[in-house]
Chemist: 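A single structure is presented below for examination.
The model shown is predicted, which means the values in this text are computed figures rather than measured ones. A note on names: the letters A, B, ... follow the listed sequences, proteins ahead of strands, and every chain is numbered from 1.
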Number of protein chains: 2
Amino acid sequence: MELTERKKRILKSIVDEYIRSGDPVGSKYISGHIPDTLSSATIRNEMSALEDMGYLYQPHSSAGRIPTTKGIRTYIEGLMEDYKLSLEELSVLNELLDFKVGEFGKLLSEAARAVSHLTNYTAISVLKPPAERIERIKAVHIDDSSYLLIIRCSGGKVKTKTVNVPHCTEEQLKTLSAALNGALTGLTASEINLNVILDTEAAAGDATHLVTSALRGINDLLGTGTEEDVQVQGLTKLLSYPEFYDVSKAKGVLEILEQKHALVNRLTEGMPGRPNIVMSGEGLTPEDASVVFYPITVEGQTVGAIGVIGPKRMDYKKVIANLEYFASGLIDGLNGTGEGRKQDEQH
Amino acid sequence: MELTERKKRILKSIVDEYIRSGDPVGSKYISGHIPDTLSSATIRNEMSALEDMGYLYQPHSSAGRIPTTKGIRTYIEGLMEDYKLSLEELSVLNELLDFKVGEFGKLLSEAARAVSHLTNYTAISVLKPPAERIERIKAVHIDDSSYLLIIRCSGGKVKTKTVNVPHCTEEQLKTLSAALNGALTGLTASEINLNVILDTEAAAGDATHLVTSALRGINDLLGTGTEEDVQVQGLTKLLSYPEFYDVSKAKGVLEILEQKHALVNRLTEGMPGRPNIVMSGEGLTPEDASVVFYPITVEGQTVGAIGVIGPKRMDYKKVIANLEYFASGLIDGLNGTGEGRKQDEQH
DNA sequence: TGTTAGCACTCGGTTGAGGTGTCTGCTAAC
DNA sequence: GTTAGCAGACACCTCAACCGAGTGCTAACA
């Protein structure tokens with residue numbers, strides 16, 4: 001069956017009302033709230049058809065209808081109206097960007113706080129500093145029980161660390177350096193897996209006993225610096241929505257927010273420049289919840305994300321408009337001409 | 001009336017059982033669970049007396065009794081048994097300290113994660129980097145529209161920043177330097193309030209127009225570095241306890257956890273070296289909840305705290321034992337001889 | 001004087017019946 | 001293709017009855 005224009009108008013009206021109230025929507029209500037003048041009986045026929053087509057469902061036989069995930073997605077992708085940001089919403093971002101003295105992480109979590117405040121949903125900000133790649137490694141002999149590990153990372157940064165071992169010779173360290181360079185060049189810390197370790201050990205010859213401590217040192221060095229971080233703003237707002245009055249439902253959402261590492265990965269893997277929407281039943285999102293997010297990119301690389309988590313029936317147009325505005329504002333601010341900002345030196 | 005030994009045994013038994021079940025405790029149950037052999041009628045008399053003395057209360061006239069805040073406090077301060085840490089609990093800390101490669105913040109939040117895991121309550125870790133005090137300020141002329149701001153902080157660290165202004169002369173900068181030194185020496189960033197600003201402006205004479213931008217620059221410089229931070233671990237565990245099945249109660253607790261700044265201050269103001277316990281009805285703790293925490297000190301200065309938030313009827317002996325162990329372990333680890341750990345250099 | 005047994009009373013919680021309102025599906029007429 | 005009307009389904013609310021845990025009180029006992 002085809003999704004006629006009239007069916008679309010009815011579907012839009014149902015989703016609008018469902019987003020507003022959270023309750024199943026009946027035919028009579030719709031009859032009075034669409035441009036067409038149709039009796040509730042006709043609406044019932046259309047709703048029945050929409051149900052057959054998978055856009056709606058009934059929680060029980062004598063209730064109104066609720067849009068399915070498919071129904072809401074169709075709504076988002078073409079039926080809903082545009083949302084005009086209010087003056088308040090526009091000014092908050094400008095103030096924020098004016099105030100961009102702090103580092104990016106703080107700016108991002110402040111932006112999330114603003115989004116949470118403006119949309120009345122819980123906001124998430126996620127920080128994922130780009131992983132440093134190994135460009136060159138050298139192990140320099142200090143004495144027979146210690147050597148200096150030197151790594152040049154992508155971007156030219158050099159890091160060093162002394163490593164203590166039971167015994168090492170200059171010869172062994174040369175072999176070690178060669179083995180490490182061969183196996184690790186171009187990798188990030190998280191890409192050093194068992195295979196890589198075994199390869200390195202195989203290549204290390206008579207320096208095999210030094211590999212483990214060297215890898216540990218490398219891992220330490222690469223792991224240093226800003227860590228990935230998740231900030232949740234306005235958590236209590238989530239509990240204001242009836243779908244989470246049931247504690248077990250609320251728990252489901254909080255569990256998602258607790259898995260910070262998974263959250264960072266998921267949100268930074270999204271498509272940049274457009275809204276990413278994950279609804280319950282798709283991916284890891286818990287029942288009745290929905291996540292909308294925008295990755296933040298600098299020079300093509302995703303360094304974080306900003307998003308909103310709320311009930312599946314959230315006001316998508318408002319949320320998307322706000323997130324889009326903040327995300328693009330942040331991205332412009334970060335990529336824009338660095339107009340002679342702060343220079344720190346520490347002696 | 002006096003709190004006799006027998007009353008203490010009864011009170012202890014009531015609190016023990018209340019902590020276990022969360023339900024009001026009846027006289028019959030106690031009769032079978034204290035060393036003394038007493039009928040439930042006698043227990044009832046004693047319980048009635050304990051109620052008059054303010055240790056117990058009845059939620060309604062035909063229910064058992066629940067300990068009051070006073071009752072629980074008395075229990076904590078002398079009645080409860082010691083808790084022996086299990087082997088598992090002991091080994092987790094040791095692993096953690098072995099693994100102390102990361103910075104303090106990460107170590108602290110990992111400790112909180114462990115505490116949450118071991119106690120089955122929600123754990124909080126709070127990081128409060130000691131505020132840097134201003135020791136000396138100098139404003140050095142670069143050209144007529146910019147100057148260099150130099151601050152020496154407590155600990156000898158020097159920070160600089162160029163400040164752009166519409167117009168400035170060497171003379172004005174000298175006046176400015178004197179005014180800033182006079183007004184700000186010994187202060188931290190957060191102590192620069194309106195009074196201080198007005199004093200500075202008054203002292204600045206013909207350099208008044210430079211004060212605002214200078215203060216902004218100073219604020220930026222001092223604010224740089226690690227920020228205060230709150231990490232919450234095992235949040236969902238909170239929702240496992242019946243007292244928070246009601247969403248409005250849960251909301252009360254989450255609200256506390258959202259006020260991160262207040263939380264940092266409150267938890268770092270506690271007495272070091274012993275358990276600080278704030279129960280509902282005392283201070284900001286929400287209904288039915290209780291917070292136990294230990295500040296973490298380095299060289300006499302509080303740099304953070306680790307704590308647990310849970311139902312008022314939480315297992316205090318277990319929580320205190322765990323927190324005490326982790327807090328003292330962290331403090332020892334931080335203050336202990338820094339046995340030649342990592343050295344990073346960045347060129 | 002302290003302890004105990006017995007009894008009436010209180011009160012929250014549960015269960016089940018009855019009533020109500022909303023919404024649907026179906027049918028017949030337009 | 002659209003509409004009016006009607007019977008049926010079903011969640012939800014209210015109310016009364018009942019149950020049971022637990023108390024306070026009193027009288028008897030050691």
Side-chain angles (χ1 to χ4, degrees), chain A residues 1-11 13-15 17-18 20-68 71 242-243 245-246, chain B residues 1-11 13-15 17-18 20-68 71 242-243 245-246:
Chain A
M1 208 188 310
E2 199 203 354
L3 192 62
T4 63
E5 286 304 314
R6 190 169 80 175
K7 282 195 176 58
K8 282 185 188 171
R9 284 194 294 279
I10 291 172
L11 178 59
S13 190
I14 291 172
V15 179
E17 175 58 13
Y18 177 67
R20 205 190 56 77
S21 73
D23 293 326
V25 183
S27 55
K28 198 170 162 189
Y29 176 89
I30 297 304
S31 157
H33 287 80
I34 48 168
D36 316 59
T37 48
L38 291 172
S39 78
S40 63
T42 310
I43 305 289
R44 279 204 285 285
N45 289 336
E46 292 287 55
M47 282 166 84
S48 177
L50 283 167
E51 181 163 7
D52 290 343
M53 295 161 75
Y55 293 102
L56 302 175
Y57 75 96
Q58 282 181 289
H60 60 84
S61 72
S62 74
R65 268 148 176 125
I66 292 178
T68 58
E243 22 276 273
Y245 282 179
D246 180 355
Chain B
M1 206 188 311
E2 200 203 352
L3 193 62
T4 62
E5 286 304 313
R6 190 169 79 175
K7 282 194 177 59
K8 283 185 188 171
R9 284 195 294 278
I10 292 172
L11 179 57
S13 190
I14 291 172
V15 179
E17 175 58 13
Y18 176 66
R20 205 190 57 76
S21 73
D23 293 325
V25 183
S27 56
K28 199 169 162 189
Y29 177 88
I30 297 303
S31 158
H33 287 81
I34 49 169
D36 318 59
T37 49
L38 291 171
S39 76
S40 63
T42 310
I43 305 288
R44 279 205 286 285
N45 290 335
E46 292 287 55
M47 282 166 84
S48 176
L50 282 168
E51 179 162 8
D52 290 343
M53 296 161 75
Y55 294 102
L56 301 176
Y57 75 96
Q58 283 181 288
H60 60 86
S61 73
S62 73
R65 268 150 176 124
I66 291 178
T68 59
E243 23 277 272
Y245 281 0
D246 179 356

Chemist: Could you walk me through whether L3(A) and L50(A) pass the side chain to side chain contact (heavy atoms under 4.5 Å, CB included) test, one step at a time?
Modeler: CA-CA 8 Å; L3(A) 192 62; L50(A) 283 167; 3.7 Å; yes

Chemist: How long is the line joining CG of N45(A) and P of dT2(D), in whole Å?
Modeler: 9 Å

Chemist: Mind calculating the distance between CD1 (I66(A)) and P (dT24(C)) to the nearest angstrom?
Modeler: 12 Å

Chemist: Would you indicate which nucleotide in dT3(D), dT23(D), dT24(C) comes nearest to any side-chain atom of S27(B)?
Modeler: dT23(D)

Chemist: Nearest 0.5 Å, what's the OG1-CG distance between T4(B) and L11(B)?
Modeler: 10.5 Å

Chemist: Rounded to the Å, how far apart are D52(A) CG and dT24(C) C1'?
Modeler: 14 Å

Chemist: Considering only side-chain heavy atoms of R6(B), which listed nucleotide, dT4(C), dG24(D), dT3(C), is closest?
Modeler: dT3(C)

Chemist: When you measure from the side chain of R44(B), which nucleotide among dG24(D), dA5(C), dC6(D) comes out closest?
Modeler: dG24(D)

Chemist: Between C1' on dA5(C) and CG on L38(B), what's the gap in Å once rounded to a whole number?
Modeler: 15 Å

Chemist: At a heavy-atom distance below 4.0 Å, what parts of residues 57-64 of chain B sit against DNA chain D?
Modeler: Q58(B), S61(B), S62(B), A63(B), G64(B)

Chemist: Using a 3.5 Å distance criterion without hydrogens, assess whether the side chain of E46(B) forms a donor-acceptor pair with backbone atoms of K7(B).
Modeler: no

Chemist: Protein-nucleotides 13-20 of chain C N/O pairs closer than 3.5 Å?
Modeler:
none

Chemist: Look at the side chain of S40(A) and the backbone N and O of S31(A), then say whether any donor-acceptor pair between them is shorter than 3.5 Å.
Modeler: no

Chemist: Flag the pair S13(A) / E17(A) as yes when at least one side-chain heavy-atom distance between them is below 4.5 Å, and no otherwise.
Modeler: no

Chemist: Could you list all the ring-ring contact (aromatic ring centres under 6.0 Å, His included) pairs where at least one residue sits in residues 20-64 of chain B, not counting sequence neighbours?
Modeler: Y29(B)-H33(B)

Chemist: Between I43(B) (CD1) and dG2(C) (P), how many Å, whole number?
Modeler: 16 Å

Chemist: If you look at every strand shown and take non-hydrogen atoms under 4.0 Å, does S31(A) touch a base, only sugar-phosphate, or nothing?
Modeler: nothing

Chemist: First locate atom CE of M53(B), then atom OG1 of T68(B), and finally report the distance between them rounded to the nearest 0.5 Å.
Modeler: 11.0 Å

Chemist: In this structure, how many angstroms lie between the P atom of dG20(D) and the NZ atom of K28(B), rounded?
Modeler: 13 Å

Chemist: Answer yes or no: is there a side-chain heavy-atom contact under 4.5 Å between M47(B) and E51(B)?
Modeler: no

Chemist: Under a 3.5 Å cut-off for both contacts, is dC10(D) paired Watson-Crick or G-U wobble with anything, and if yes, with which nucleotide?
Modeler: dG21(C)

Chemist: Decide, yes or no, whether a salt bridge links D36(A) with R6(A) under the criterion of side-chain N to carboxylate O below 4.0 Å.
Modeler: no

Chemist: Quickly work out the I30(A) CD1 to dT2(D) C1' distance and round it to whole Å.
Modeler: 18 Å

Chemist: Find the distance Y29(B):OH to dG22(D):P and express it as a whole number of Å.
Modeler: 11 Å

Chemist: With the side chain of S39(A) defined as its heavy atoms from C-beta on, choose the nearest nucleotide among dT4(C), dA4(D), dT23(D).
Modeler: dA4(D)

